[in-house]
Structure formats: structure tokens, C-alpha cells
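Here is the structure we will look at.
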Amino acid sequence: MSKWRPVGPAAEWTAMEERVLAFWRENDVFQRSVDDRKGADPYVFYEGPPTANGRPGSHHVLSRVFKDIFPRFHTMRGRYVERKAGWDCHGLPVELEVEKQLGISGKPEIEAYGIAEFNARCRASVGEYLDEWERLTDRIGFWVDTSQAYRTMDTDYVESVWWSLATMFDKGLVYESDKVVPYCPRCGTALSSHEVAQGYKDVTDPSIYVRFPLVDEPGTSLLVWTTTPWTLPANQAAAINPHTAYAVVHVDGERLVMADALVAKVIGDDAVVERTMPASDLAGAAYEPPFGHIPGRHIVVMSDFVTTEDGTGIVHLAPAFGEDDMRAAREHGLDAPNPVDRQGLFTDKVPEAVGVFVKDADRQLITDLEGRGRVFREKPYEHSYPHCWRCSTPLLYYAKPSWYIRTTDVRDRMLALNEQVGWHPEHVKHGRFGRWLEGNVDWAISRERYWGTPLPFWRCDDCEKVTAIGSFKALRDHAVVEVGDEFDPHRPFVDEVPIRCECGGTAHRVPEVVDVWFDSGAMPFAQHHYPFEGEDGLAGRFPADFVCEALDQTRGWFYSLLAEGALLFDEAPYRNVVCLGLILDGEGQKMSKSKGNVVEPWTVLDHAGADAFRWYLFTAQSPWDSFRFSLDVVDETRRRFLFTLWNTYAFLTTYASLPDGFTPGDPAPPVAERSEMDRWALSRLDATIDAVTDGLAGYDPTNAGRALESLVDDLSNWYVRTGRRRFWRSDDATDRAAAFATLHECLSTIALLVAPFCPFVADEMWGNLVAAHDPSAPESVHLANWPASGGRRDEALEQAMAAALEATTLGRSARKDAKLKVRQPLKEAVIACPPATARLLEGLSSVVAEELNVREVRFVTDAGGLVDVSLKPNYRSLGPRFGKGMPAVAEAVAALDANQAVRDLDADGAIHVIVNGNDERFEDDDLLREVRPTEGYAVAEGGSLAVGLSTEITPELEMEGLARDLVRAIQNARRTADLKVEDRIVLHLDGSGRIREAIDAHRAYIAGEVLATELTVSHGMPFTPVFREDGEIDGEPVSISIALA
RNA sequence: GGGCGAUUAGCUCAGGUGGUUAGAGCGCAUCCCUGAUAAGGAUGAGGUCCCAGGUUCGAGUCCUGGAUCGCCCA
């Protein structure tokens, strides 16, 4: 009783996937695959939370399938792999989406609308596309537990984040300081870099060269260039590059100081340089500031950010209005005076322009400077300057108080921890990520926004002391008001809970929320509500063995995870990181809605299916390269790998399910007694098991997948193609059993190996090949154990088969040259090769003979007249030995009598050659031989082989060729007549004299091949045929009639 | 402006530690096969390995400089 399920066409792939999905669902396969390993060594996976307030795209499929393959692999290897999903819920993108929905814009409008209602809408908006995300996750076969997903907005999650912030605060790692941010004075808000990037416009600003007269050198001034004259009243210092030479230039009776390299550009080629000096000579010099509103001495300082690209090489520092300026000021212990209010208007500290918007004040400030002889030159300057994307107001770089985490305290520790991380690709460790860590600055974590985790810091109205609250219990203990059980820690509710300060005063929460990157970086502990569920809540859950995101997350999630891991646990939160490249369109352009070149994941899934999508992403190229992605490339992948695999699988099941077919477990000869082809296939299988195991264990699915692809190709296009008839011929049941057992073993193992890559086809194959026949086998491949190689490797045989393949390729090439079609049998093929190759090939000569359709394969290895031999030096072995002497070696080898040298080599294993007067001993490996047959043969030659085919076609061979043509024609007729492959027939043939002669000579062969129980040849018709066809073979008329036996 | 990466056939990509004639798939051309058949296979054309120097007996591979593209950061 056959338990084989018929295998449909590969074209119905997506339907197959849907069936497998239903099977998983009905049998709870995912959960069981995890639970089965409970108690085993955990393999820890962290899901970097995506934001579900937008639709998932193809790039999300990329990261999600990579997040799937390694957990599946390690599960099959027996590890316990929890897979908790997560969603990033807070942040500006969510707020912007809601602003759009409400038709409002900017903080004043949000506050007018009401923070409570606004945040309620944010909360609702977060899950808007959750259904689609979950459907896609399911459809691509990403096994992750969405029912237990963590959400960064959940009360428990927020509490864990509070715990971490309070812990850092109590360790003295949190402080408040000014930070220069791109700021829209109209909207009253800082902008994220993403928003800034949207608003660049080309504008023309006044640029001026200003004199800063040196206090101690009358008549000498620093020459300073600026494109933002309005920042001059806040001037605090002048900065020079420490590695640049500065020049004193004589111009119209005054002396100006600037970078030597820029003198010609600024003053002109005829400038008179009085002297030059290193930057250190200039540092510390005092100058008179452009306006007198900032008290204290103004001096020259050195800072690396100063360039000599444009300007004068001397930069005016207004620390409140430039990030570089601020950093330089901090380094030199300078203040950051700010004479501009939040609306962008000058305060009364600048009497010249009090109440004027800074950008509008440029003109009058310049006029004032001119009046005092301070302006050397003025010219309009065209550049690209950021504007608010909402209201087009020019942005100001503006210092605002901000909360920082002192990550620089653990910078060296982060660098040390980074050394323990396995980065893929490797170069990220010391490249992009390592450099980023080296340049670490304190992490600005506060955002003046609404929908985020509120900073758990309360400032006393009286004494200004800040208290950090690390839990809801602590909040209740300190609160001045009642805090209910259903407390929502978001704004505005948390803002309405004042606490009692130590001093007896009342403290209110600071207004900011935390950077969303802090939220996601907290997921290792916050997803488990650590430490509130017990101090051992992270046992077996920290650190992660594996995380994976796109390469642009270097400064995002990869960093926030490491920073929080180092600060809180003094440990790297991940052991291995896989970085992924961008998804581009087929032309290499970034996908974007405006270009209309977005490939929707659903399109790919509906057309090509998830297995093809996944296989493409795993194997197209290294994961971190950009993907030139299109439906076509996925389709090509599908044809090349999946359809080949499917055809082989369909071939096996088709013949196995025939009446005298095969059932797994049928007796078969032991491997050692099977044919070379079988042992070769199993050797390749073992090699592939090792390659795939090593590849996946080393986070390299690309080469693992390619090894698998190469095995499938070998099986389909060599093992099955050359061995097809073994599966249906009945004359050797033992060999048939060996063939079935071998192919079945290969395909069942491939189902296991391919399971982490293409979980659908793997389970389809597993079900039909294994589970249906073996009640003790797991019902799903994903519940099975990873295979181990089984000592079936035979490298000599693999080498031999490679040589056999080369021999057949060359033989075909020779046939083509001689215009001898493959169906015409030939007498012999002569393979000319070195003796070692001949020994390898001898066992496979029948395979080669069959493929080339020759009666006999003969090897010639020496200069026995039939072959020409030539010798070349083996550069690989001789190069290191002779070095410079190699040309002389080549010359000496070329001068040898090759035939004699080869005979000596074969006899003694070595020859002696005079090189540059020295007697040198060359062994067999030091020389490369080329041999080729001489005459009477059609020849093709390759690297180490040459193949000659005898071209003479005897009458006997001609008859055999005709018989083969006949068989082909009859098989065609059978197919046209729609017969089943196993149907027996009665056959009647008629034809010319030559045809009849061929039939007589090969009657048994023909009848056997086409399953004819009777074969008659005559002009009459002895029965009524169900099918009759008249045609021609080799120009001779032939008639074929068939009836069922 | 800085950091990192990439550049090999018309296209998509491979090419340990330098070593014989730089490979594969797709596409193309010419064929073959016809019991894996809504499949399969073979042969062939197609390459200044981005450019210029250098090291070396020997460079796609190592070094220096440059170009172009991409990402990240200023």
C-alpha cells in the first residue's frame, strides 16, 4: 500500500506554502518546536522592535527572514530558542502621523489640542498596521511569538526603563547641560536630523570678513569669516586649526592674520606676507570682540574642527549657536552666553537689535560693525541652509538645556566589550562601529515631545534638587497625590503627580521624554519587566547570542543596546551581530514611493512565494551588500534552485509510487556495496552537511546556501540524469533498491538542511518522504534534529567524478566539432591524462562511456605514440623554491625532451634538470603535463585532460544508432498516445530495409526499452492499434503502431 | 570635510595564504534530448578584473595615489 502523496507541478508553489502554513497552525508546530527543547542550553535571540505605524516593506522581509534562519537552525541543533516579538511604539514618527491625521502642526497646536487626547491618538495609531505586520510575519515563515510581544509603551516596559534611568542617575551618570540643536523658533521645537534633511533650501546670506583687533599688537587684526553675522554678538572666542600655519599679511597699512594657505585666495596673489607662524604661537592671544556685550577676555583657542577649505582659517566661536562651537568652548572651559530668546529675538543684552528676529538683524549689525571699521569685506554667499519643513522658517542652531547620559565614562569599556562581539561583516567591529565608539560623546537622551517614555526625574520647586524615581512603587511612596492602580505613566498624567522633596518642598517632573533609541536599547531587560519580576529574571536571557538589523542601525539600536548593557550590566548585550544591506530596486536606485519603484512584499509572495523570496535574500550575495531587488531576480532564483529541487523530489516520488517502486525502509545494499554514483552522491551529501552546518554556525547563510544549491544541482543534473533508468528498469532489483535508497537519503537530508532557509518546501518534502512512512519520525521537519555527516565522505571519488564530468564535457565538445550527434554510438573514447587521473577515472569509465555514448573508454597516459606530451613548470611549487630563477626554470623545462622526461618521471618519480648550471631535482608534482591524442580522433582538451573520439561509424554502429532513434520515436508515440509510464504495449513496426535491419539486430533492446510484450515487423497489420504514427528516421520512412498489451 | 564599504562578462554575482588558460547563473547564438516533459541538457561568443604608479621571477589578489558609486557622520 503506497503512502506516497502525488507531487503537483512546481508552478503551484504558493498553494503548497499555504497548505504548509495551515499544517503548522493546526498542529501548533512553532510552539512545539520551542517547547520540545525546554530545559536545553538556551540560544538567545533579541527582536529589534520595528514600528508598526507604517506598512511593512521588502526591507522588513529581509531583516525578518534573517532573524528567522538562525533561531530555526539552532532549534534543530537542540537549543532552547525563545522568540519574543516586540514593537517600538513611541517617537516622533508616530506623533507626526497623528498631527497629519488631525490636520495640526507644531507644539503649540498639539498643546492647544490637549496632550491627553493627542497621546491617546498616538497609542491608537501605533497598532494601525499591526494586522498587516502579523500577516506578513506569518506568511514569510518568520517564527516569532507575536502573542507575547513586548511593546515599548506598555506600563511594565516603561517601569523597567524608569528603573534603568534611575539606576544611572543614582550612579551619577545623568546630568543636564546645554546642547545645540536645530531649532525652529516659530514652532518652538527642536527638529530631528530626519526632519532637518527634508528642509534644505538654497539661500543667499550676507557673508562678511570681520576684523578682530589683537589687544597686544596694535594695527594687527585676526581676519574672521562668517555667514551668520547675527551670531557675532555672542562671540566668545576665535578658533584656529592647531596643525595649520598662520600668516601676518600687510594690506593697505594694516596687518591681518589668517591661515597661510588661504592668503592668496582671500587677499590675492600680490599679498605681502610679513611672516608666518605655527598655530601654537597664535593661541592664547587676546582680541577685542566685535560687540562688547560678552564680558571677560576673548582669546584665540585651538580646535581640530577648523578647516582651511574656505574662510580664513580662523573661526568665530558662538557656543550657543553651533555644535562645534559648543564642543570647543567646553574643551576650553568657556561659557556659552545666549542673547537670543526662544522666539529667535535678540534680548536686551544686544541693545542694537533688541526684539529683532536674528535673521532680520544681519543688516543692522553689519552696518554697526562697518561704522566701527570692523568689516574688511562683505559679499553675498549662496549656500544650502536648513529650514523648518513645516513652516519654512530658517532653522537656528540653538543651545537648549538637555539631559545627558555620561557614556564617555564607559567609552573604553564599550570598546573592550566590542572586542568580544562577532560582527558580520567583520570590518564593522573596528570600522564603522569601532570608530563610532572611539568618537563617543555623551548621549543626549531628552526630547521635548509628548509621546514617549517620560523621564523619571522630578525637580524641586524650592531647592531645585532632582530626584530620580525608579519604580511605580517609589512614585506612590513619594507622591503628594494619590496614584491609582491603573496609572498610565505617560504624559500628561505623570506630569500631574508632584512628589515631596527631601527639603520639604514640592517637586515636579521635568517636561522631557526619553529618546526612543533608549527605549529599544532597553529591550533586553524591559521586555521581561526586569528587575520587577525577580533579580534572576534575565537568567538564560542575557546576553543575546544573536541580533540582526540593517547596517544603518550602527548608531541606532546596536549602539543603544551596547551603551545600556555597559552602563547597567557591564556586559555586551550581544555576542553576534549580522548587519544587513539596503534593498534597492533592479536599477540600483533606492526604493521610494515618490519614484514609484517600490516592490511590495505581497507582490513577491503572491507570485513567487516565501521560499523563493527567502532563498534569494539568503544567497544572492553577502547579507551586508545592497540588494538589487526585483521580482525577476526572485523568479530566477526560484527556477534555478527551488524548481530543480522540486523536480528531483517529484522524480523520486513518481517512480517510488509505481507498483514495483519503493518504500522508505525497503532493504537496500549497504553503502559500501553500492555503485560509484551512489557513493559519490552520499559523499557529496556528507560534504554538504558539513558545509551548511559550518556556514550557519558561522552566520554565513550565503555560502551555506550555495553549498546546498551545488548539491541539488549535482543530484539533478548528474546523479538523476545519468541514472534515470536505474529507477525503472526491472532487470536489477538490487541496484534499483540502492538507487532509491540513495536518492531518498539525499532528499530527506536536504529537507533537513533546507529547513531553516525554505521552511515550506522542506516540510512538504519531509512529510512525503519521511513522516508518512515512519511513525516514529517527527511529523514536521522543524521538530526534527539537525543531521550529522556520517562518514560517507570519499574525496578521491569526488575528485574522480569531477574528472569524469570534465571528460564528458570535453567529449561532447569533440562530438560537436565532428558533427557527431550524441544518439549515434561510437566505438571508443580515448582519454589522455596523467597516470594519477587515469587511476581515479578507471572506476567511472562506464559512466563516461554511457554519457558519451561510446562502446569503450580507453586511457592513454604516456608517450606511446598515440599521444603528444608537453611539460610546464608548476609555478605554485617551484616559485617559492626558485624565486628570481623562475624564468630560467621555465626555459630549462621547455628545452626538455618531454616524452623522455615523462618516461623518466614515471619510472623514477623524479628527473634532474640543469638550471643555471645547477643540477636540480624535479618531482612529479613540480611539473604539469599536458597530453593529447594525435591522429584519427576528434579531440577536445582541457586543463589536465584531453578526450578523443573515434570518428569511424561502422555499419554495426549505424544500426545501433538507428535502433536508438527508433526507441525515441516509439517513446514519443507512447506519450502522444497518453499512455502511463508503466503501461505494457503490443508494438508493430514497418519501414525501409535499413530500418528493418536495425530492428532485427536490436529487437530485444527496443522491446525492453519501450515495454513492448510483443514486437512484430511486417507490411500488414496484425492488430487494431490504439495509436499509429508514420514518420521518418534518418531519412527513412517508418511506421509505428501501438496497442495496449 | 571625515569614516567605512564597493567597483571582475550585456545583467546579477563567485574568486583561502600572490602562482598554469579569471569562473557560475541569467540573457544571447547554435544545437541536443524527449519516460524528470507546462521540464532538462550541451557547445559557443562575450573580460584592458575602475584608472595610474609601485613591490615581486609572477598581481584580479599586496602597497601608494586617484576616479566613480553607496552608507554613516559632520
Side-chain angles (χ1 to χ4, degrees), chain A residues 7 9-11 193 304-305 307-310 323-324 425 427-428 430-436 438-439 550-556 579 581-582 584 586-588 590 616 619-622 624-630 632-633 635-637 639-641 643-644 646-655 702-703 706 709-710 713 716-718 720-721 724-725 727-728 808-809 811-817 819 821-823 872-880 882-890 928 930 940-944 967-969 971-972 974-975 979-983 1009-1011:
Chain A
V7 173
S193 58
D304 280 322
F305 84 91
T307 71
T308 51
E309 285 300 311
D310 44 28
E323 205 172 342
D324 287 326
H427 62 74
V428 175
H430 296 126
R432 185 178 284 218
F433 196 65
R435 299 272 178 167
W436 162 252
E438 283 166 18
L551 194 50
D552 58 12
Q553 291 294 317
T554 318
R555 290 124 207 273
C579 301
L582 262 73
L584 306 174
E587 256 64 87
K590 212 169 181 171
Y616 163 76
T619 61
Q621 78 253 316
S622 296
W624 42 84
D625 288 335
S626 300
F627 290 80
R628 289 203 171 193
F629 180 66
S630 67
D632 283 348
V633 294
D635 230 24
E636 185 194 321
T637 286
R639 280 197 305 273
R640 191 172 73 225
F641 175 65
F643 283 10
T644 308
W646 189 267
N647 277 335
T648 311
Y649 159 64
F651 174 85
L652 175 74
T653 52
T654 301
Y655 287 98
T702 314
N703 284 307
R706 285 176 181 172
E709 194 165 295
S710 151
D713 188 62
S716 169
N717 289 328
W718 190 240
V720 170
R721 190 165 60 76
R724 270 187 292 233
R725 39 208 306 109
F727 293 86
W728 68 75
T808 56
T809 298
R812 286 196 196 101
S813 180
R815 262 188 187 272
K816 176 113 174 162
D817 288 345
K819 298 196 191 328
K821 62 181 179 181
V822 178
R823 226 181 300 129
K872 278 188 184 173
N874 182 355
Y875 282 84
R876 196 185 278 271
S877 74
L878 294 177
F882 288 95
K884 273 184 215 209
M886 278 311 287
V889 172
L928 299 167
E930 272 177 19
E941 51 192 326
S944 60
V967 167
R968 180 188 63 88
Q971 300 288 32
N972 240 356
R974 283 185 60 118
R975 281 183 44 72
L979 298 189
K980 290 188 196 134
V981 293
E982 69 270 27
D983 282 342
E1009 285 294 307
V1010 303
L1011 302 184

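Note that the structure is predicted; figures quoted are calculated from it, not measured. Note: hydrogens, waters and symmetry copies are ignored here, and every other heavy atom, side chains too, is used. Order of the sequence lines fixes the chain letters, A, B, ..., with proteins taken first and strands second; residue numbering starts at 1 for each chain.
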Mind checking side chain to side chain donor-acceptor pair (under 3.5 Å) for [X] and listing every partner two or more places apart, or none if nothing turns up?
X	answer
A/Asn647	none
A/Glu636	A/Arg640
A/Asp713	A/Asn717
A/His427	none

Checklist line | Distance flag, aromatic centroids of A/Trp646 and A/Tyr649, threshold under 6.0 Å | finding: yes
Note to self: For A/Gly431 and A/Arg968, find the nucleotide of RNA chain B closest to each by heavy atoms; which residue's nucleotide sits nearer the 5' end?
What the structure shows: A/Gly431
Please enumerate all protein N or O atoms sitting under 3.5 Å from an N or O of nucleotides 57-59 of chain B, with distances to 0.1 Å.
unit_1: B/C57; atom_1: OP1; unit_2: A/Lys884; atom_2: NZ; d: 3.3
unit_1: B/C57; atom_1: N1; unit_2: A/Gly883; atom_2: O; d: 3.0

Next item on the list: Would you please name every residue forming a salt bridge (charged side-chain N to carboxylate O under 4.0 Å, His left out) with A/Arg812, sequence neighbours left out?
Entry: A/Glu851
What is the distance from atom [atom1] of [X] to atom [atom2] of [Y], rounded to the nearest 0.5 Å?
X	Y	atom1	atom2	answer
A/Thr644	A/Arg639	OG1	CZ	10.5 Å
A/Tyr616	A/Ser630	OH	OG	7.0 Å
A/Glu1009	A/Trp728	CD	CH2	8.0 Å

[X]: what forms a side chain to side chain contact (heavy atoms under 4.5 Å, CB included) with it, not counting sequence neighbours?
X	answer
A/Lys884	none
A/Arg876	A/Asn874
A/Ala550	A/Asp552

Can you tell me how far [atom2] of [N] sits from [atom1] of [X], to the nearest Å?
X	N	atom1	atom2	answer
A/Glu1009	B/U34	CD	C1'	13 Å
A/Glu636	B/C26	CD	C1'	4 Å
A/Arg815	B/C33	CZ	P	10 Å
A/Asp632	B/G25	CG	C1'	14 Å
A/Leu551	B/G3	CG	C1'	12 Å
A/Leu582	B/G5	CG	P	17 Å
A/Lys872	B/G19	NZ	P	16 Å
A/Gln971	B/G35	CD	C1'	6 Å

Check: So what does A/Leu1011 touch, heavy atoms closer than 4.0 Å: a base, only the sugar-phosphate, or nothing?
Finding: base
Protein N or O to nucleotides 36-46 of chain B N or O, pairs below 3.5 Å:
unit_1: B/A36; atom_1: OP1; unit_2: A/Arg724; atom_2: NH1; d: 3.3
unit_1: B/A36; atom_1: N6; unit_2: A/Ser716; atom_2: O; d: 2.2
unit_1: B/A36; atom_1: N6; unit_2: A/Ser716; atom_2: OG; d: 3.3
unit_1: B/A36; atom_1: N1; unit_2: A/Ser716; atom_2: OG; d: 2.7
unit_1: B/U37; atom_1: O2'; unit_2: A/Arg975; atom_2: NH1; d: 3.3
unit_1: B/U37; atom_1: O2'; unit_2: A/Arg975; atom_2: NH2; d: 2.4
unit_1: B/A39; atom_1: O2'; unit_2: A/Asn647; atom_2: ND2; d: 2.8
unit_1: B/G40; atom_1: O3'; unit_2: A/Asn717; atom_2: OD1; d: 3.3
unit_1: B/G41; atom_1: OP1; unit_2: A/Asn717; atom_2: OD1; d: 3.1
unit_1: B/G41; atom_1: OP1; unit_2: A/Asn717; atom_2: ND2; d: 2.7

Notebook entry, point to check: Per the atom types in the model, does the base of B/G5 pair as donor or acceptor with the side chain of A/Arg432 at under 3.5 Å?
Noted result: no
Next item on the list: Hunt down any stem RNA chain B takes part in, defined as 3 or more consecutive Watson-Crick or G-U pairs whose two distances are each under 3.5 Å.
Entry: B:1-7 with B:67-73, B:10-13 with B:23-26, B:28-32 with B:40-44, B:50-54 with B:62-66
Which value, in whole Å, describes the distance between the [atom1] atoms of nucleotides [N] and [M]?
N	M	atom1	value
B/G46	B/A22	P	13 Å
B/C51	B/U8	P	10 Å
B/G27	B/G41	P	11 Å
B/A14	B/A52	P	25 Å
B/G23	B/G60	P	13 Å
B/A9	B/C50	C1'	15 Å
B/G53	B/G10	P	24 Å
B/G47	B/G15	C1'	14 Å

Polar-atom pairs under 3.5 Å, protein N or O versus N or O of nucleotides 13-15 of chain B: list them with distances, or write none.
unit_1: B/C13; atom_1: OP1; unit_2: A/Gln621; atom_2: OE1; d: 2.8
unit_1: B/C13; atom_1: O5'; unit_2: A/Gln621; atom_2: OE1; d: 3.3
unit_1: B/C13; atom_1: O2'; unit_2: A/Arg706; atom_2: NH2; d: 3.2

Notebook entry, point to check: Looking only at atom types and distance, does a side-chain atom of A/Arg706 sit under 3.5 Å from a main-chain N or O of A/Ala620, one as donor and one as acceptor?
Noted result: yes
Next item on the list: Kindly say whether A/Lys980 contributes a backbone atom to a donor-acceptor pair with the side chain of A/Arg974 at under 3.5 angstrom?
Entry: yes
Checklist line | Full working for side chain to side chain contact (heavy atoms under 4.5 Å, CB included) between A/Thr702 and A/Gln621 | finding: CA-CA 6 Å; A/Thr702 314; A/Gln621 78 253 316; 5.7 Å; no
